[in-house]
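Just so it is clear, the model here is predicted, and its values are computed rather than measured. Computation of the quantities below employed the complete heavy-atom set of this structure, encompassing side-chain atoms and omitting hydrogens, waters and symmetry-equivalent molecules. A, B, ... follow the sequence lines: proteins, then strands. Residue 1 opens every chain.
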Amino acid sequence: MADESPKSKSKGIFQETDILISAISTFNKVDPGKFPLLITRVLQRYHVSEYKQIFSVEEMVKLEASFGLKREELQLLLDGVKFVVDKAAYFVLKPASLSKELMDIGLEEERATAFSQGWTNLGKAVIERLKKKKFFPVQLEDINWRLNLQLGQSFQSRQKISNAIFQLDLSDESKPTGEKEEVTVEFSREELYSFYEELEKIQG
Amino acid sequence: MKRQISMAGGGLERTPFYGFQVPPEIKSFSKIKKAFNLEKNSWKNILNFVNQYLVEQNFSNDRFEEVVAGVPLTEEETKGVVAAMITVARCVFRNPIIRQEHFQEDLQNLKFPEASIGILLKMLFGANRAVIDASVVESRVSLPRFLALKWRVDVTISNTLLQRALTPTILCELLLRNGKSNLFEISIEKFHELRYNVALVLKDMEELELQHRALKIA
């Protein structure tokens, strides 16, 4: 049970799991001069980290050399930084609170400051981006339209019927090819007006 | 058949409502001798059927058989009569500036029975005409037409990524007349873009209809 372990006494945001403890000690081990830059990099590329690795294979090799770490240790380091950012974003932590929480679980002050510094600079952008993240797979991407005047049709001439054709491009994340579905809708004036009324209701 | 020149009204030449040549359906019709002796009731039956066909844009076999049963004509002959009447109607629709009196004259020149002329006039020039026109417009060639928009505004309080997200989103279901429906989400920015564009098109549409009312496509 988790309570048995004396390590999980913390009532703070970061629960002291074994993995986190290891990550913290890795943070504390690495060159303090290079640490802030790493944090900045992770923050900058945070939004791609959902489906892809933050760093390419070449970059990982360079980092291994730069920090003097083996691949597994480097991975732990990066996962740890990302984890901290996840939590900071989730709780919308202030930079000061972030460094305090980190120090509470054993992070050295200098490194904690590196985190809060990076968070001060780039935290807002990360949160804004997260707020924009869409959960519903089908999204309206594009709106195109065309206004026509119908002058005649079979068995009827001399008309003046206006109609509008809207093409709505919908992206669907659940579709593997990522192709967009084009929905074409024709509106008469009355129909367009009804549509507009609905939009006005939404606006309200 | 030679073009009939109307001698009334000062002997002015004008094109009959059906154009320069008598349509083949009308030509065949004038060969159906029995048609010219039909009673008013029979004409009512036939022309009611034609009217329904024009309004509904749909030829009902059942109703046609009822008509055949009710008139002293064979099925072939009834078909010929109905075809001619539909052709007459279509020629009138193609020719919106035809005057009632001229139409009547033309029918008389074609030797249409008086009983039929009276009913045709009422059908094509009376209040009923608006009904036919409306249904023709309704059934025109078109892309899927808009039926309704169902929507819902949600405010996300929290999600996996953010404890306090408070982001509004709009979920829409667009229903079309062909039965299809699309469910999708619109971000706030896209919503404003959509609303702006719809308003723009509506404004243009109104201007267009005003302009053409003034221009009058001659």
Side-chain angles (χ1 to χ4, degrees), chain A residues 50 86 89-92 127 130-168 170-172 181 183-189 191-203, chain B residues 54 89-90 93-97 133 136-137 140-153 156 158-167 169-172 174 176 180 182-187 190-195 197-202 204-206 208-209 212-213 215 217:
Chain A
E50 193 170 354
D86 286 346
Y90 184 78
F91 290 104
V92 195
I127 292 179
L130 283 176
K131 277 192 181 173
K132 292 215 175 105
K133 183 150 171 58
K134 312 288 179 215
F135 276 81
F136 197 79
V138 187
Q139 296 281 328
L140 176 64
E141 297 285 345
D142 235 337
I143 303 157
N144 292 299
W145 55 265
R146 193 172 93 191
L147 177 60
N148 299 311
L149 186 68
Q150 178 176 309
L151 299 175
Q153 63 188 85
S154 20
F155 310 125
Q156 188 87 341
S157 60
R158 291 164 199 262
Q159 294 170 318
K160 288 174 300 190
I161 307 172
S162 59
N163 62 68
I165 301 180
F166 272 75
Q167 180 180 300
L168 306 172
L170 307 176
S171 67
D172 192 344
E181 186 187 343
V183 178
T184 314
V185 190
E186 186 178 315
F187 293 85
S188 69
R189 192 156 138 244
E191 289 161 349
L192 192 62
Y193 195 69
S194 310
F195 187 57
Y196 187 69
E197 279 187 323
E198 284 307 312
L199 295 180
E200 283 294 286
K201 282 188 207 163
I202 299 179
Q203 172 75 3
Chain B
L54 290 169
R90 294 221 164 116
F93 297 154
R94 272 236 169 84
N95 202 349
I97 51 171
D133 284 347
V136 168
V137 169
R140 69 176 194 256
V141 170
S142 68
L143 291 163
R145 295 275 288 273
F146 169 75
L147 182 62
L149 181 75
K150 284 158 61 176
W151 55 269
R152 171 177 119 184
V153 175
T156 307
S158 61
N159 57 36
T160 334
L161 307 166
L162 296 165
Q163 194 189 43
R164 289 275 296 283
L166 295 174
T167 48
T169 50
I170 306 166
L171 196 63
C172 281
L174 182 64
L176 304 177
K180 290 220 182 99
N182 288 92
L183 186 64
F184 55 92
E185 189 181 278
I186 313 182
S187 68
K190 281 293 166 190
F191 170 73
H192 286 306
E193 193 183 317
L194 182 65
R195 193 166 143 263
N197 277 288
V198 171
L200 193 65
V201 177
L202 262 176
D204 280 355
M205 255 185 174
E206 282 177 12
L208 197 63
E209 297 207 348
H212 278 270
R213 225 169 282 151
L215 273 179
I217 306 177

| query | Relative to chain B, which of A/Val183, A/Val92, A/Leu140 shows the most heavy atom pairs under 4.5 Å? | reply | A/Leu140
| task | Give, as side chain, backbone, both or neither, the part of B/Ala89 having an atom under 4.5 angstrom from any heavy atom of chain A. | result | neither
| Heavy-atom check, side chain of A/Lys132 versus side chain of B/Ser187, under 4.5 Å | no
| message | With a 4.5 Å cut-off on side-chain heavy atoms, are B/Ile186 and A/Ile202 touching? | response | no
| request: Carefully, step by step, assess B/Leu174 and A/Leu168 under the rule side-chain contact (heavy atoms from CB on, under 4.5 Å). | output: CA-CA 11 Å; B/Leu174 182 64; A/Leu168 306 172; 4.0 Å; yes
| field | Note, A/Leu147 side chain near B/Met205 side chain (heavy atom, < 4.5 Å) | value | yes
| request: Below 4.5 Å from any heavy atom of chain A, which atoms of B/Leu149 appear? Answer side chain, backbone, both or neither. | output: both
| remark: Cut-off 4.5 Å, heavy atoms of chain B, and the answer for A/Gln153 is side chain
| Any idea which heavy atoms bring B/Leu143 and A/Glu186 closest together, and the distance? | N-OE1, 2.9 Å
| Closest non-hydrogen atom pair, B/Leu194 against A/Phe195 | CD2-CZ, 4.1 Å
| remark: Between A/Tyr196 and B/Arg195 the two heavy atoms that sit nearest each other are CE1-O, 3.9 Å
| task | Rounded to the nearest 0.5 Å, what's the gap from CD1 on A/Ile165 to CZ on B/Phe146? Could you check? | result | 15.5 Å
| query | Contact part of A/Tyr193 toward chain B, heavy-atom cut-off under 4.5 Å: side chain, backbone, both or neither? | reply | both
| field | Student check: side-chain heavy atoms of B/Phe184 and A/Glu181 closer than 4.5 Å | value | no
| At a heavy-atom separation under 4.5 Å, does A/Leu199 approach chain B through its side chain, its backbone, both, or neither? | both
| So which part of B/Val198 gets closer than 4.5 Å to some heavy atom of chain A, the side chain, the backbone, both or neither? | both
| task | Measure distances from A/Leu130 to the heavy atoms of chain B and classify the residue's part below 4.5 Å as side chain, backbone, both or neither. | result | both
| Proximity breakdown for A/Asn163 and chain B, heavy-atom pairs closer than 4.5 Å | both
| Top residue by heavy-atom pair count (under 4.5 Å) with chain B, among A/Lys201, A/Glu191, A/Glu200, A/Lys134? | A/Glu191
| Who wins among B/Leu176, B/Asn159, B/Val153, B/Thr169 for the most heavy-atom pairs under 4.5 Å with chain A? | B/Asn159
| In terms of heavy-atom proximity below 4.5 Å to chain A, should B/Leu171 be classed as side chain, backbone, both, or neither? | side chain
| query | Which of the residues B/Leu147, B/Leu166, B/Thr167 is involved in the greatest number of heavy-atom pairs with chain A at under 4.5 angstrom? | reply | B/Thr167
| Contact part of A/Val185 toward chain B, heavy-atom cut-off under 4.5 Å: side chain, backbone, both or neither? | both
| request: Select one option (side chain, backbone, both, neither) describing which atoms of A/Glu141 are under 4.5 Å from chain B's heavy atoms. | output: backbone
| Does any heavy atom of chain A fall under 4.5 Å from the side chain of B/Ser158, the backbone, both, or neither of them? | neither
| note | Test side-chain contact (heavy atoms from CB on, under 4.5 Å), reference A/Ser162, set B/Val201, B/Leu208, B/Asp204, output is B/Leu208
| said: Is B/Leu183 in contact with chain A via its backbone, its side chain, both, or neither, using a 4.5 Å heavy-atom distance? | reply: both
| request: Report yes if the side chains of A/Tyr90 and B/Arg164 come closer than 4.5 Å at any heavy-atom pair, otherwise no. | output: no
